[in-house]
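What's counted below: heavy atoms across the whole structure, side chains too, no hydrogens, waters or symmetry copies. Everything numeric here is computed off the predicted structure, so don't read it as measured data.
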Amino acid sequence: MLQFLSLFNTIFNDAPQPWQLGFQDSAAPGFTGIVTLHNTIGFYLIVICFSVFWALFSIIYYYNTNKNPIAHKYLTHGTVVELVWTITPALILIAIAFPSFRLLYLMDEVISPTLTIKAVGHQWYWSYELSDGCYRFDSYMLPESDLELGQFRLLDVDNKLIVPVDCHIRLIVTGADVIHSYAVPSLGLKLDAVPGRLNQVSFLVERTGTFYGQCSEICGVWHGFMPIAIEAVSTPQFLIMGR
Amino acid sequence: MSESAETTSKYVLQTVGFDARFPNTNQTRNCFQNYTDYFKCITAKGEDFAPCKQFKKAYNSLCPNEWISKWDDQRENGTFPASLEP
Ligand SMILES: [Cu+2]
């Protein structure tokens, strides 16, 4: 939001970093939803961990046999406390389940797509079919010897998939030989490519840029060498390129 | 800008819409149904019948090219696994 007001210039991180622990920057509403859900649940997870461990350690510390040589006769049972520590976790699980299912079904929705892209996983490259199958190309990883300055090792490909921004895109994923998985973290995509089956997902790219992903189902010796690169361009530019 | 306006007028960016019969991630049947429906349609109404084109557009959008050519071969050899009689 702030970069649209030109108050701040934001540089997005669209490729994984060495020793990166966090997420890549989101470029699609679906992934923004995933990150928000993760952070919200993570916050309550820390609160719960601290309160449980604080209770546990303080009980061990204050009520050990040295400090309390005579045990309280009625301390072995407590109906109220047992009800509280059974029902509270159940309510917490419900509170996690609702936003998580909401996000799941929102991401499942296919909203009248502008174009369909078919991605087929092969051993060991991806091939794409665009404009109703009229245009087809293979996308191989660039070998290390062909890399130019600024290109990513094990991530850049010879033919990137070009998509327009701000368009609902239907992606149909299938496999040609074994199971692969089509995954692009910054777009919130991860979809199994199963031979004989067509899996569909809808996504929308919110900004221009190049987004990287890798095959995410172990598929053979070169499983790690069939990356995915998607370049998002503005719609007029996409139409010019399509000419 | 004028160039982009010109481009948009010449090229229509469209694809088959959402089909309420296939609301799930699995779209295998959507592709196959449209393929068989197209050939049922042209057997009944002839190749030039305009409404049949919708089925062809749909299966070309959804089915991988490899599947289409495999099914085309099967139809020629008479080994296509479904009935194409209308
Ligand atoms: Cu693979």
Side-chain angles (χ1 to χ4, degrees), chain A residues 104-105 107-122 126-137 163-164 166-177 182 189-202 233-243, chain B residues 1-39 41 50-75 79-82:
Chain A
L104 184 69
Y105 290 117
M107 290 184 72
D108 249 6
E109 201 82 29
V110 172
I111 314 152
S112 60
T114 340
L115 74 158
T116 304
I117 294 165
K118 293 173 259 175
V120 186
H122 301 260
W126 291 96
S127 71
Y128 297 98
E129 288 164 19
L130 285 96
S131 37
D132 294 353
C134 297
Y135 182 55
R136 185 194 174 283
F137 64 93
V163 297
D166 295 330
C167 286
H168 288 286
I169 299 162
R170 173 200 279 135
L171 187 70
I172 299 270
V173 177
T174 188
D177 30 48
Y182 195 87
L189 294 177
K190 181 170 273 182
L191 204 63
D192 274 7
V194 185
R197 177 181 161 126
L198 304 176
N199 279 332
Q200 171 187 254
V201 76
S202 168
V233 299
S234 68
T235 313
Q237 205 187 340
F238 179 79
L239 289 165
I240 291 164
M241 286 166 112
R243 229 173 344 196
Chain B
M1 194 61 224
S2 63
E3 195 190 14
S4 65
E6 186 195 326
T7 326
T8 31
S9 61
K10 263 192 249 163
Y11 291 88
V12 191
L13 210 53
Q14 63 167 30
T15 189
V16 281
F18 172 76
D19 191 334
R21 294 175 297 170
F22 311 101
N24 304 107
T25 303
N26 188 352
Q27 293 292 305
T28 322
R29 193 73 207 209
N30 191 355
C31 143
F32 186 73
Q33 193 69 52
N34 277 293
Y35 185 86
T36 48
D37 281 351
Y38 174 69
F39 291 100
C41 185
C52 292
K53 299 253 158 61
Q54 182 56 34
F55 296 123
K56 190 172 189 172
K57 267 188 78 71
Y59 83 69
N60 273 315
S61 283
L62 297 165
C63 304
N65 292 357
E66 205 187 317
W67 293 21
I68 298 173
S69 53
K70 183 184 160 192
W71 290 339
D72 287 345
D73 289 345
Q74 286 181 335
R75 273 188 308 108
T79 53
F80 189 71

Looking at side-chain heavy atoms only, is the closest gap between A:Leu198 and B:Pro64 below 4.5 Å?
-> yes

Contact origin within A:Asp108 toward chain B - heavy atom pairs under 4.5 Å | side chain

Between atom NE2 of A:His168 and atom CZ of B:Phe18, what is the distance when rounded to the nearest 0.5 Å?
-> 13.5 Å

A:Ile172 backbone acceptor or donor facing B:Gln27 side chain under 3.5 Å = no

Please flag which part of B:Asn30 lies under 4.5 Å from any non-hydrogen atom of chain A: side chain, backbone, both or neither.
-> neither

What pair of heavy atoms forms the shortest contact from B:Asn65 to A:Lys118, and how long is it?
-> OD1-NZ, 3.5 Å

Okay, A:Thr174 and chain B: the region with an atom under 4.5 Å from a heavy atom over there is side chain

Can you tell me if NZ on B:Lys53 sees more than 12 non-hydrogen neighbours from other groups inside 6.0 Å?
-> yes

Any side-chain heavy atom of B:Thr25 within less than 4.5 Å of one from A:Leu191?
-> yes

In this structure, are over 12 heavy atoms from other groups packed under 6.0 Å from B:Glu66 atom CD?
-> no

So which of B:Cys31, B:Cys63, B:Pro23, B:Ala58 has the largest heavy-atom pair count under 4.5 angstrom toward chain A?
-> B:Cys63

Most heavy-atom pairs under 4.5 angstrom with chain B, which of A:Glu109, A:Arg136, A:Gln200?
-> A:Gln200

Closest approach of A:Pro113 and B:Gly17, non-hydrogen atoms and distance?
-> CD-CA, 4.5 Å

Quick one: list whatever passes ring-ring contact (aromatic ring centres under 6.0 Å, His included) with A:Tyr128, sequence neighbours left out.
-> A:Phe137

Rounded to the nearest 0.5 Å, how far does OG of B:Ser61 lie from CD1 of A:Ile117?
-> 11.5 Å

Top contributor to chain B contacts, counting heavy-atom pairs under 4.5 Å, from A:Pro164, A:Ser112, A:Gly196, A:Ser234 | A:Gly196

Per-residue contact mode, B:Leu62 against chain A (heavy atom under 4.5 angstrom) = both

